[in-house]
Every structure is written in C-alpha cells, then in structure tokens.
Amino acid sequence: EDEELDFSGPTPIAKLEQYGISNVDIKKLVDAGYHTIEAICYVPRKTLVTTKGISEAKLDKILEAAQKEVKMDFVSAGTYLDQTKNRIQLSTGSKSLDTLLGGGIEAGSITELFGEFRTGKTQLCHTLCVTC
C-alpha cells in the first residue's frame, strides 16, 4: 500500500500539545532551539537529552508523540519516483525549454538556475511568478 508523501512543510512544535506534552516542556524545547516537530525527530537522542529541564522519561514521551505526527517510514526509490510522477509541472512559457526540463519546472521543489549574465534567468523567474 503506497501512501502519498506529504509535502506541506514543517510542523510547528506547539502541535505536540495534542499528544499530552505540556506547554512548559514545549517552551523548554523552543528555548533550546527546536521549533518544529521534524527538528525533534531528526536530532540524535543524545543531543536532545542535554536539553535543560527535560528528563529521559519526558523525552521518551516527546519522541513518541513526535513520531506519531511525522511519518518517518522508509520509502524505496521506485515508490518515491511513482509518487513524484503526479507532481504539477509549471510551464516556462517555452515549449522547447519545457521539453528539456521534462515538462517544465516541478512545483514543490527547489530549482537552481545558473548561467552567464543577461541570458534570461531573471526573466524566466518573473514569467514563472506570473504563471503561478
């Protein structure tokens, strides 16, 4: 069963309150520099355990809640490829360039443009902004 990946962005750490994590503990995590649930999930446990005022028991509860909110399952490259085939492609306004790019600029992704000055990079960006 292939579930679609969620590309909606980072989840605010305040959402942990839904899982019974106290506001005080959330504030301690924010004060330590963790502002999203994803940040909690991706930081090694030994780093989180050094957060002032968070015991190991509290940390276990926080990590359990964070893992319920953030999908951390392994996805094979083939499955990921199938999921990305359904992404929206933004037209550049040039059929030839769209063909070179495999259908246009992919929405929800970062695309880097580089080249000599006065070759149309800024113009392309302005066109994409108007197209969106």
Side-chain angles (χ1 to χ4, degrees):
E1 151 187 344
D2 292 331
E3 293 183 20
E4 192 166 328
L5 293 177
D6 181 20
F7 293 101
S8 61
T11 311
I13 199 166
K15 197 165 185 183
L16 288 177
E17 283 185 77
Q18 296 175 353
Y19 297 95
I21 306 302
S22 74
N23 217 358
V24 174
D25 290 336
I26 290 172
K27 177 150 178 29
K28 289 175 186 176
L29 291 168
V30 170
D31 291 344
Y34 304 106
H35 299 279
T36 65
I37 295 177
E38 288 80 2
I40 298 296
C41 289
Y42 298 135
V43 171
R45 180 182 173 77
K46 67 181 181 179
T47 303
L48 287 171
V49 97
T50 62
T51 304
K52 187 176 180 179
I54 302 289
S55 67
E56 289 200 36
K58 282 183 184 178
L59 183 59
D60 289 337
K61 187 177 176 184
I62 290 168
L63 288 173
E64 183 180 328
Q67 289 170 355
K68 287 179 185 174
E69 188 63 34
V70 176
K71 187 172 171 66
M72 302 272 298
D73 294 339
F74 175 79
V75 177
S76 70
T79 302
Y80 185 76
L81 178 64
D82 290 341
Q83 292 168 344
T84 59
K85 286 180 182 176
N86 297 327
R87 290 211 187 141
I88 297 170
Q89 300 285 333
L90 302 173
S91 175
T92 61
S94 166
K95 290 181 183 179
S96 300
L97 184 55
D98 287 346
T99 302
L100 283 171
L101 294 172
I105 304 286
E106 186 177 284
S109 295
I110 297 174
T111 302
E112 181 179 5
L113 300 173
F114 65 94
E116 296 287 328
F117 67 96
R118 299 187 55 103
T119 56
K121 300 179 297 293
T122 303
Q123 185 63 39
L124 176 60
C125 291
H126 288 281
T127 302
L128 288 170
C129 288
V130 171
T131 302
C132 290

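- One finds the CD1 atom of I54 at 4.5 Å from the CG atom of L29 (value rounded to the nearest 0.5 Å).
- To the nearest 0.5 angstrom, F74 atom CZ is 8.5 Å from T79 atom OG1.
- Shortest non-hydrogen contact noted between V70 and C41 is CB-SG, 3.9 Å.
- Note that the CG atom of L128 and the CD1 atom of I105 stand 5.5 Å from one another [nearest 0.5 Å].
- Placement of L81 and L101 in two distinct hydrophobic clusters is found when ILVMFWY residues are connected by side-chain heavy-atom separations under 4.5 Å, directly or transitively.
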Side-chain donor/acceptor pairs under 3.5 Å, residues 10-25, sequence neighbours excluded:
| residue | atom | partner | partner atom | Å |
| --- | --- | --- | --- | --- |
| T11 | OG1 | E38 | OE2 | 3.0 |
| K15 | NZ | E69 | OE2 | 3.0 |
| Y19 | OH | E69 | OE1 | 2.6 |
| S22 | OG | D25 | N | 3.1 |
| S22 | OG | D25 | OD2 | 3.2 |
| D25 | OD1 | K58 | NZ | 3.2 |

Please evaluate residues V49 and E56 with respect to the criterion side chain to side chain contact (heavy atoms under 4.5 Å, CB included), reporting the C-alpha separation (whole Å), side-chain torsions for both, the decisive distance (0.1 Å), and the verdict. CA-CA 6 Å; V49 97; E56 289 200 36; 3.5 Å; yes
Please evaluate residues Y42 and T36 with respect to the criterion side chain to side chain contact (heavy atoms under 4.5 Å, CB included), reporting the C-alpha separation (whole Å), side-chain torsions for both, the decisive distance (0.1 Å), and the verdict. CA-CA 10 Å; Y42 298 135; T36 65; over 6 Å; no
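- Here the straight-line distance linking atom OG1 of T50 with atom CG of L48 works out to 7.5 Å at 0.5 Å rounding.
- Contact annotation: the side chain of R45 approaches that of D60 to within less than 4.5 Å [non-hydrogen atoms, C-beta and beyond].
- Y80 contributes atom OH, which lies 12.0 Å from atom CG of D82 (distance to the nearest 0.5 angstrom).
- One finds the OG1 atom of T51 at 7.0 Å from the CD1 atom of I40 (value rounded to the nearest 0.5 Å).
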Go through it in stages, so that I can follow the logic: the residues are K121 and E112, the test is salt bridge (Lys or Arg N to Asp or Glu O under 4.0 Å), and I'd like the CA-CA distance, side-chain angles, deciding distance and then a yes or no. CA-CA 10 Å; K121 300 179 297 293; E112 181 179 5; over 6 Å; no
